[in-house]
Amino acid sequence: DTAVSQTPKYLVTQMGNDKSIKCEQNLGHDTMYWYKQDSKKFLKIMFSYNNKELIINETVPNRFSPKSPDKAHLNLHINSLELGDSAVYFCASSPSGSADTQYFGPGTRLTVL
Amino acid sequence: SQKIEQNSEALNIQEGKTATLTCNYTNYSPAYLQWYRQDPGRGPVFLLLIRENEKEKRKERLKVTFDTTLKQSLFHITASQPADSATYLCALDGGGSTLGRLYFGRGTQLTVWP
């Protein structure tokens with residue numbers, strides 16, 4: 001049983017396109033996150049949702065819009081993709097969001113051509 | 001500016017030795033610090049969490065220390081094995097109003113050779 005799953009695992013697209021990445025967790029956690037890991041392996045938080053409510057937006061361009069239809073799902077939509085968006089995007093979840101272990105998904109490798 | 005620095009991007013040690021990884025931070029006041037392991041092509045996996053009022057934590061062959069005066073955490077793997085080869089990430093929360101946000105270092109790639 002996969003705890004945190006993401007789809008797709010790989011995404012290759014052209015500049016200017018719009019794409020979405022989906023994330024689901026079956027751990028019953030209240031908080032979910034999106035992270036971006038660049039080519040130098042630097043892992044940086046983008047967003048956090050607690051029980052469907054946005055609680056962290058870490059100076060991410062407006063082209064990135066997270067959506068949480070319920071507390072088990074957090075999707076990431078990216079408009080007008082740019083070359084610099086190429087990275088691995090990780091979804092994570094934690095029980096409550098403060099001083100908690102975070103459980104990461106397998107990642108989605110996005111390549112913008 | 002705020003920084004999290006993990007010493008050396010790569011660390012190579014012989015099997016059976018103790019690996020010691022360092023995490024130094026600047027301009028953060030974390031309430032806790034975590035260590036994660038990341039294997040190629042996979043997401044980070046939690047290993048240990050240590051709080052600001054704790055000096056040391058152990059789990060099997062792993063030990064982490066946290067010195068808030070030095071602003072440093074040390075992560076030790078004793079009796080290292082080739083299976084311990086991975087990238088190890090230090091992460092801390094921002095403290096205060098940013099509690100719950102994890103900020104990661106760039107990681108140290110550990111290779112344990114037989």
Side-chain angles (χ1 to χ4, degrees), chain A residues 2-10 21 23-25 27 29-51 53-60 87-111, chain B residues 1-6 8-11 21 23 25 28-54 57 59 62 64 66 86-110:
Chain A
T2 305
V4 182
S5 59
Q6 296 178 226
T7 53
K9 186 162 177 65
Y10 299 96
I21 307 171
C23 177
E24 176 180 1
Q25 55 97 0
L27 297 167
H29 290 167
D30 285 339
T31 306
M32 296 184 72
Y33 310 82
W34 277 111
Y35 286 86
K36 177 181 179 180
Q37 189 168 46
D38 62 23
S39 57
K40 295 185 178 179
K41 308 299 182 188
F42 185 42
L43 190 62
K44 186 173 180 182
I45 189 167
M46 301 172 67
F47 299 104
S48 170
Y49 270 73
N50 184 276
N51 210 0
E53 183 182 342
L54 178 68
I55 55 171
I56 295 175
N57 181 341
E58 197 80 359
T59 59
V60 176
V88 180
Y89 291 84
F90 287 101
C91 176
S93 73
S94 66
S96 68
S98 62
D100 277 333
T101 298
Q102 294 189 14
Y103 295 80
F104 283 80
T108 296
R109 181 175 292 278
L110 171 65
T111 303
Chain B
S1 62
Q2 293 177 314
K3 286 184 187 176
I4 302 170
E5 293 177 316
Q6 294 188 239
S8 69
E9 288 186 13
L11 180 64
L21 286 65
C23 176
Y25 59 92
Y28 284 101
S29 297
Y32 60 92
L33 189 145
Q34 301 185 30
W35 284 88
Y36 286 78
R37 169 183 172 142
Q38 187 173 23
D39 291 284
R42 293 177 172 261
V45 175
F46 170 78
L47 296 173
L48 280 169
L49 179 153
I50 186 166
R51 299 183 189 278
E52 60 179 334
N53 59 350
E54 298 174 318
K57 265 280 184 68
K59 179 183 175 183
L62 309 180
V64 62
F66 192 10
T87 296
Y88 291 85
L89 304 170
C90 156
L92 50 84
D93 80 291
S97 62
T98 61
L99 185 67
R101 299 182 194 208
L102 274 188
Y103 297 96
F104 283 82
R106 290 184 182 274
T108 296
Q109 186 173 340
L110 174 67

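Proteins come first, then strands; the chains are lettered A, B, ... in the order of their sequence lines, and each starts at number 1.
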Heavy atoms of other groups near B:E54 CD, more than 12 under 6.0 Å: yes
In chain order, what residues pass the salt bridge (Lys or Arg N to Asp or Glu O under 4.0 Å) check against A:E58, with sequence neighbours excluded? B:R101
Count the heavy atoms of every other residue, nucleotide or ligand shown that sit under 6.0 Å from NZ of A:K9, and state whether that count exceeds 12. yes
Would you compute the distance between atom OH of A:Y33 and atom CG of B:L102 and round it to the nearest 0.5 angstrom? 6.5 Å
Spatial distance of atom CG (B:D93) from atom CG (A:D100) [nearest 0.5 Å]: 11.0 Å
Rounding to 0.5 Å, atoms OG1 (B:T87) and NZ (A:K41) come to a distance of 7.5 Å
What's the spacing between B:F104 CZ and A:K44 NZ if we round to 0.5 Å? 13.5 Å
Does the side chain of B:Q38 pick up a donor-acceptor pair with the side chain of A:Q37 at under 3.5 Å? yes
If you define the side chain from C-beta out and look only at heavy atoms, does anything of B:Y36 sit under 4.5 Å from A:L43? no
Taken in chain and number order and not counting sequence neighbours, the residues that satisfy salt bridge (Lys or Arg N to Asp or Glu O under 4.0 Å) with A:D38 are none
What one should report as the nearest heavy-atom pair of B:R106 and A:F42 is NH1-CB, 3.2 Å
